[in-house]
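Beneath this line is the structure, given in structure tokens, with notes to follow.
Sequential numbering from 1 along the given sequence is applied to the chain's residues.
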Amino acid sequence: MKQEVRDYVIEKSKELMEAPTCSEEAKAAAQAWLDAAGTDREAEETKKYVAELEADIVTVDGLAAFAESEMGAKVFGGAEAAKGVAAHAREIKAAGAKYCDCPACAAVEAILAKKEELLG
């Protein structure tokens, strides 16, 4: 992997880990990848990391559906707030977004944009 790609993914991985919306699984995968970056374990951890990120990223349709659920209302602080999140998801989808634009999903999307370079 080119050093500039590694540096970019390191930066985005740190952003991911700092995001309040980052799952514990994604944080653990990011840390494992960071620990392996530049070592003989990097290729193996990269595959695991990419798989975890692909499993964790939320589509705009998934975001809207979750926001409109009972659990979404609890997570987003009530039915009205959840309706706002669902509306936001529809707005960003109409503007061409494929994924949720929360800080964690934005970092994951940026990392996955480098997937081919990561996996080599």
**Prompt:** With K114, which residues qualify under salt bridge (charged side-chain N to carboxylate O under 4.0 Å, His left out), at least two apart?
**Reply:** none
**Request:** For S69 and G72, work out which heavy atoms get closest and say how close.
**Result:** OG-N, 3.0 Å
**Which residues share a salt bridge (charged side-chain N to carboxylate O under 4.0 Å, His left out) with D7, sequence neighbours left out** = none
**Prompt:** Linking I/L/V/M/F/W/Y whenever any side-chain heavy atoms sit under 4.5 Å apart, do I57 and I111 land together?
**Reply:** yes
**Request:** Report the residues that fulfil ring-ring contact (aromatic ring centres under 6.0 Å, His included) with Y8, sequence neighbours left out, ordered by chain and then residue number.
**Result:** none
**Request:** Please list, chain by chain and in numerical order, all residues satisfying salt bridge (charged side-chain N to carboxylate O under 4.0 Å, His left out) with E54, sequence neighbours excluded.
**Result:** K115
**Message:** Same cluster or not: L16 versus V5, using hydrophobic residues (I, L, V, M, F, W, Y) connected whenever any side-chain heavy atoms lie under 4.5 Å apart?
**Reply:** yes
**Message:** Quick test of your reading: applying salt bridge (charged side-chain N to carboxylate O under 4.0 Å, His left out), list the pairs with at least one residue in residues 34-44, sequence neighbours left out, ordered by first then second residue.
**Reply:** R6-E42, E44-K48
**Complete:** With sequence neighbours left out, the residues meeting side-chain contact (heavy atoms from CB on, under 4.5 Å) with K14 are I10, L34
Extract all donor-acceptor atom pairs below 3.5 Å that involve side chains of residues 92-105 and protein atoms in other chains or at least two apart in sequence.
unit_1: K93; atom_1: NZ; unit_2: D61; atom_2: OD1; d: 2.7
unit_1: K93; atom_1: NZ; unit_2: D61; atom_2: OD2; d: 3.1
unit_1: D101; atom_1: OD1; unit_2: H88; atom_2: NE2; d: 2.9
unit_1: D101; atom_1: OD2; unit_2: H88; atom_2: NE2; d: 2.9

**Asked** Do you know the tightest heavy-atom contact between C22 and K27?
**Response** SG-CG, 3.6 Å
**Item:** Listed partners of K47 passing side-chain contact (heavy atoms from CB on, under 4.5 Å), at least two apart
**Value:** L119
**Request:** Could you pull out all residues at least two apart from E15 that satisfy side chain to side chain donor-acceptor pair (under 3.5 Å)?
**Result:** K12
**Item:** Intermediate values then yes/no, side-chain contact (heavy atoms from CB on, under 4.5 Å), V50 and L118
**Value:** CA-CA 9 Å; V50 167; L118 279 166; 4.2 Å; yes
**Request:** Check the pair E45 / T39 against side-chain contact (heavy atoms from CB on, under 4.5 Å), numbers first and verdict last.
**Result:** CA-CA 10 Å; E45 287 300 327; T39 72; over 6 Å; no
**Request:** Sorted by first residue and then second, give each ring pair (Phe, Tyr, Trp, His ring centres under 6.0 Å) pair with at least one member in residues 39-81; sequence neighbours left out.
**Result:** W33-Y49, F66-F76
**Item:** Co-membership, hydrophobic cluster, residues V58 and L53, 4.5 Å side-chain
**Value:** no
**Item:** Rounded distance (nearest 0.5 Å) linking atom CD of Q31 with atom CE of M17
**Value:** 4.0 Å
**Asked** Which atom pair, heavy atoms only, marks the closest approach of A73 to A82?
**Response** CA-CB, 3.7 Å
**Prompt:** Taking only residues two or more places apart in sequence, or in another chain, which ones meet E68 in a salt bridge (charged side-chain N to carboxylate O under 4.0 Å, His left out)?
**Reply:** R90
**Prompt:** Quick one: does V9's side chain get under 4.5 Å of M1's, heavy atoms only?
**Reply:** no
**Message:** Is it true that, when you exclude Q3 itself, more than 12 heavy atoms of the residues, nucleotides or ligands shown sit nearer than 6.0 Å to its CD?
**Reply:** yes
